[in-house]
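All remarks here apply to the structure that follows.
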Amino acid sequence: MKRTEIASVLKSGQVGAEITVKGWVRTRRGSKNVNFIALNDGSTIHNLQVVAEAELFGEDLIKNINTGTALGVTGTLVASAGSGQAVELNARTIEVIGLADPEKYPIQPKRHTLEFLREMAHLRPRTATFSAIFRIRHAMVYAIHSFFHERGFYNVHTPIITSSDAEGAGEMFRVTVLPAENAPLNEEGKVDFSQDFFGKPANLTVSGQLEGELFAMALAKIYTFGPTFRAENSNTSRHLAEFWMIEPEVAFSDLNDNMDLAEDFLKYLINYALDHCMDDLQFLSNRLTEEEKNKPVEQRSMELISKLRFVAENDFVRLPYSQAIEILINSKPNKKGKFQYPVTGYGTDLQSEHERYLVEQEFKKPVILTNYPKEIKAFYMRLDDNGKTVAAMDVLFPQIGEIIGGSQREERIEVLEARMDEMNIPKHEMEWYLDTRRFGGCPHAGFGLGFERLMLFVTGMGNIRDVIPFARTPKNCEF
RNA sequence: UCCUUAGUAGCUCAGUCGGUUAGAGCGGCGGACUGUUAAUCCGUAGGUCGUAGGUUCAAGUCCUACCUGAGGAGCCA
């Protein structure tokens with residue numbers, strides 16, 4: 001008989017129907033006469049309770065049904081005789097499809113720490129928490145493409161291997177076929193990359209933005225969504241060496257349009273999760289509440305679903321850097337010397353503690369900081385008329401910090417070249433980029449959204465390593 | 001990379017001031033139980049105390065280095 005997914009059994013299963021389900025055992029309990037098996041097939045967070053009367057099944061079969069076992073069950077769907085579930089499956093035949101030795105299978109029907117499960121990244125999707133996270137992850141991927149498609153954007157696959165080392169977005173991973181030992185040397189005694197695969201040094205991309213801009217100058221509205229690699233030695237709960245980034249780029253668009261797009265985008269994604277992932281969100285919310293039960297009330301975070309609704313329903317604060325500095329200078333923690341890095345005046349680079357103060361204390365909602373001093377931002381950001389600031393924007397979220405970084409781009413070639421000279425960006429390697437300004441250049445803007453940071457926010461998880469299937473971080477490249 | 005902190009049974013942890021044979025709960029295994037919800041009850045096995053040195057009559061406990069995890073910082077998405 002064809003397998004019915006548990007999600008559809010629980011949603012629209014007819015009592016009295018004969019069905020077959022296949023899935024993995026979460027727990028089994030029982031007495032001499034009857035066994036109860038919680039079966040999950042990944043289609044939903046919820047399990048289907050299978051009832052196995054002892055007289056129908058031999059002890060040898062029952063003994064093989066342990067946590068983790070893959071099982072096929074055929075039987076009759078009935079109204080549950082116990083409380084806790086509306087329906088259950090009265091088993092007529094049970095097929096053990098794959099054994100899971102209970103002495104060796106590491107996932108137990110009890111709470112495990114996230115750190116332990118992280119070491120078991122190959123098995124952790126079988127837990128309720130991680131299956132919920134990865135169902136939501138899928139929904140978010142789908143929603144991202146929907147959002148842009150509905151608005152007439154085109155998806156562009158920008159290259160993963162690049163030879164451009166001028167992007168300045170971080171340390172890069174070198175891509176080479178040269179031997180690690182005794183690599184060929186040139187006359188200067190340095191590695192001779194002319195003998196390498198591409199005839200010059202190549203790296204994994206740290207951003208698709210520059211290539212994205214090229215396509216925005218033709219298709220007008222584009223977005224990239226691809227893997228991104230940074231070889232920074234970052235050991236934090238919000239950094240990965242390999243992560244996924246969404247980078248829209250829009251022609252004939254300025255900083256305000258860019259902020260509107262970013263805000264609409266984030267709210268669309270959050271609403272999509274609320275509309276399509278409620279069961280999983282509810283589970284994660286309960287889990288979080290349970291986990292924070294022992295914390296003092298004032299340290300607990302806002303309930304997950306309320307938090308998502310709150311962000312989706314309220315306007316983000318838009319604040320120029322100069323005004324942020326004013327607020328911070330006059331803030332209580334600054335006056336009382338509570339900041340580790342006191343805010344003294346214009347030009348100070350904002351530290352995490354300052355961003356968190358603005359988002360979590362002052363405004364208590366997402367904040368878009370704009371118009372930073374040019375000294376602390378990238379060369380391609382458009383210089384404001386004051387000559388001091390650039391048309392940059394950072395979207396800051398509670399707990400996560402920077403979730404989006406973007407800007408209106410410098411379209412005036414003289415200004416752009418002057419900025420590149422100031423910042424020692426080698427122009428001769430960037431002629432293709434400068435061509436966009438030479439031929440039919442126009443005002444344009446875009447941003448980068450860290451996909452896993454979005455996932456942190458939507459799922460309420462605290463560590464970015466738990467919202468990507470297999471995390472790559474310094475000293476960790478398992479699986 | 002820096003600061004803080006942790007590493008004891010499969011998992012989560014306790015282990016006092018350095019002192020005899022290393023402790024619990026959960027999980028596993030054996031048994032009991034007329035429908036359970038992380039079932040319950042009885043019994044039982046399970047340990048290179050992160051690694052390497054050092055101090056000491058004696059080290060899970062003190063010291064040093066290293067490894068790994070976590071929290072924070074920097075870098076950023």
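In the text below, chain A, chain B and the rest are named by the order of the sequence lines, each starting its count at 1. Here the structure is a predicted model, which means the values were calculated and not measured.
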Assign A:Ile404 to base, sugar-phosphate, or nothing according to its heavy-atom contacts below 4.0 angstrom with the strands shown.
sugar-phosphate

How close or far is atom P of B:A38 from atom CD of A:Glu291, stated in whole angstroms?
18 Å

Closest approach to the side chain of A:Arg230, judged atom by atom: which nucleotide of B:C75, B:G35, B:C76 is it?
B:C76

Is any side-chain heavy atom of A:Phe339 closer than 4.5 Å to a side-chain heavy atom of A:Tyr357?
yes

Taking the six-membered ring where the residue is Trp, are the ring centres of A:Tyr341 and A:His354 under 6.0 Å apart?
no

Using atom P in both nucleotides, what's the gap between B:A22 and B:G50 to the nearest angstrom?
16 Å

Would one find a side-chain N or O of A:Ser352 under 4.0 angstrom from OP1 or OP2 of B:G74?
yes

If you look at every strand shown and take non-hydrogen atoms under 4.0 Å, does A:Lys104 touch a base, only sugar-phosphate, or nothing?
nothing

Output the single nucleotide from B:U34, B:A77, B:A73 whose closest atom is nearest the side chain of A:Tyr341.
B:A73

By the 4.0 Å heavy-atom rule, please label A:Arg26 as base, sugar-phosphate, or nothing.
nothing

Within a radius of less than 6.0 Å around NE2 of A:His122, do more than 12 heavy atoms belonging to other residues, nucleotides or ligands occur?
yes

Ignoring the backbone of A:Lys32, work out which of B:A73, B:G71, B:C33 is nearest its side chain.
B:C33

Between A:Ile464 (CD1) and B:A70 (P), how many Å, whole number?
13 Å

Going by heavy atoms in the side chains, are A:Val78 and A:Val51 under 4.5 Å from each other?
no

Testing A:Arg472, A:Arg137, A:Arg238 one by one against A:Glu452 for a salt bridge (charged side-chain N to carboxylate O under 4.0 Å, His left out), which residue passes?
A:Arg137

Taking B:U20 as the reference, what is the distance to B:C62 when you measure between their P atoms (whole Å, please)?
16 Å

I'd like to know if A:Arg29 reaches the base of B:C33 with its side chain such that a donor and an acceptor end up less than 3.5 angstrom apart.
no

May I ask you to check whether A:His145 and A:Tyr223 place their ring centers less than 6.0 Å from one another?
yes

When you measure from the side-chain N and O atoms of A:Arg28 to the phosphate of B:G35, is any distance below 4.0 Å, counting only OP1 and OP2?
no

Between B:G18 and B:C57, how far apart are the C1' atoms? Round to whole Å, please.
12 Å

Looking only at side chains, do A:Tyr372 and A:Asp394 share a donor and an acceptor under 3.5 Å apart?
yes

B:G35 phosphate, OP1 or OP2: any side-chain N/O from A:Ser31 under 4.0 angstrom?
yes

Cation-pi check, A:Arg151 to A:Tyr268: give yes when NZ or CZ is under 6.0 Å from the six-membered ring centre and within 45° of the ring axis, no otherwise.
yes

If I take atom CG in residue A:Asn35 and atom P in nucleotide B:U40, what distance separates them, rounded to the nearest angstrom?
15 Å

Report the nucleotide, chosen from B:G69, B:C76, B:G71, that has the shortest atom-to-atom distance to any side-chain atom of A:Arg453.
B:C76

What residues 277-286 of chain A contributes to the RNA chain B interface at heavy-atom separation below 4.0 Å is none

Provide the distance between the two P atoms, one in B:G69 and one in B:G53, to the nearest whole Å.
24 Å

Touch check for A:His112, heavy atoms < 4.0 angstrom, all strands: base, sugar-phosphate only, or nothing?
sugar-phosphate

Report the residue from A:Asn66, A:Val25, A:Thr27 that forms a side-chain contact (heavy atoms from CB on, under 4.5 Å) with A:Pro109.
A:Thr27

Nearest to the A:Asn463 side chain among B:A77, B:A70, B:U36, which nucleotide is it?
B:A70

Pair partner, B:A52 [Watson-Crick or wobble, under 3.5 Å]:
B:U64

Taking atom P in both B:A38 and B:G27, compute the distance separating them and give it to the nearest angstrom.
12 Å

With rounding to the closest Å, how many angstrom separate the P atoms on B:A14 and B:A6?
10 Å

Within the pair A:Asn235 and B:A73, is there a side-chain N or O less than 4.0 Å away from OP1 or OP2?
no

Touch check for A:Gln351, heavy atoms < 4.0 angstrom, all strands: base, sugar-phosphate only, or nothing?
sugar-phosphate

Rounded to the Å, how far apart are A:Phe339 CZ and B:G72 C1'?
16 Å

Complementary nucleotide of B:G19, counting Watson-Crick and G-U pairs under 3.5 Å:
B:C57

Donor-acceptor pair under 3.5 Å: do we get one between A:Glu232's side chain and the base of B:U1?
no

Please tell me whether A:Ser31 and A:Asn33 have a donor and an acceptor in their side chains that are separated by less than 3.5 angstrom.
no

Quick one: which protein N/O atoms are closer than 3.5 Å to N/O atoms of nucleotides 23-29 of chain B? Pair and distance per line, please.
from  : atom 1 : to       : atom 2 : distance (Å)
B:G25 : N2     : A:Lys110 : NZ     : 3.4

By a 5.5 angstrom centroid cut-off and a 30 degree plane limit, is there stacking between A:Phe243 and B:A77?
yes

Salt bridge (Lys or Arg N to Asp or Glu O under 4.0 Å) for A:Arg287 and A:Glu291? Distances and angles first, verdict last.
CA-CA 6 Å; A:Arg287 184 187 170 283; A:Glu291 197 175 69; 3.5 Å; yes

Figure out the CZ/C1' separation between A:Arg118 and B:G69, and round it to whole Å.
9 Å

In whole Å, what is the span from the CG atom of A:Leu350 to the P atom of B:C76?
13 Å

Considering every strand and a 4.0 Å limit on heavy-atom distances, what is the contact class for A:Arg356: base, sugar-phosphate, or nothing?
nothing

May I ask you to say what A:Ser234 touches in the nucleic acid, namely base, sugar-phosphate or nothing, with a heavy-atom cut-off under 4.0 Å?
base

Assess whether a salt bridge exists between A:Arg118 and A:Asp466, defined as any Lys/Arg side-chain N lying under 4.0 Å from an Asp/Glu carboxylate O.
yes

Output the rounded distance in Å from CE (A:Met120) to C1' (B:C11).
10 Å

Watson-Crick/G-U partner (both atom distances under 3.5 Å) of B:U5:
B:G69

Establish, yes or no, whether the cationic atom of A:Arg318 lies under 6.0 Å from the six-membered ring centre of A:Phe316 and within 45° of the ring axis.
no

Mind checking if A:Thr228 touches a base, just sugar-phosphate, or nothing, with heavy atoms under 4.0 Å?
nothing

Between A:Glu59 and A:Gly450, whichever has its closest RNA chain B nucleotide further toward 5' is A:Glu59

Any residue of residues 83-96 of chain A with a heavy atom less than 4.0 Å from an atom of RNA chain B
A:Ser83, A:Gln85, A:Glu88

I want to know whether A:Phe265 and A:Phe148 have ring centres closer than 6.0 Å.
yes

Base, sugar-phosphate, or nothing for A:Gly82, non-hydrogen atoms under 4.0 angstrom?
base

Using purine N1 to pyrimidine N3 plus N6-O4 or O6-N4 for Watson-Crick, or N1-O2 and O6-N3 for G-U wobble, both under 3.5 Å, which nucleotide pairs with B:G10?
B:C26

Hey, which sits more toward the 5' end of RNA chain B by its nearest nucleotide, A:Asn476 or A:Ser80?
A:Ser80

Between A:Asn233 (CG) and B:A73 (P), how many Å, whole number?
16 Å

For A:Met140 and A:Phe451, the nearest pair of non-hydrogen atoms, with its separation, is CB-CE1, 3.7 Å

Ionic contact status for A:Arg356 with A:Glu353, cut-off 4.0 Å
no

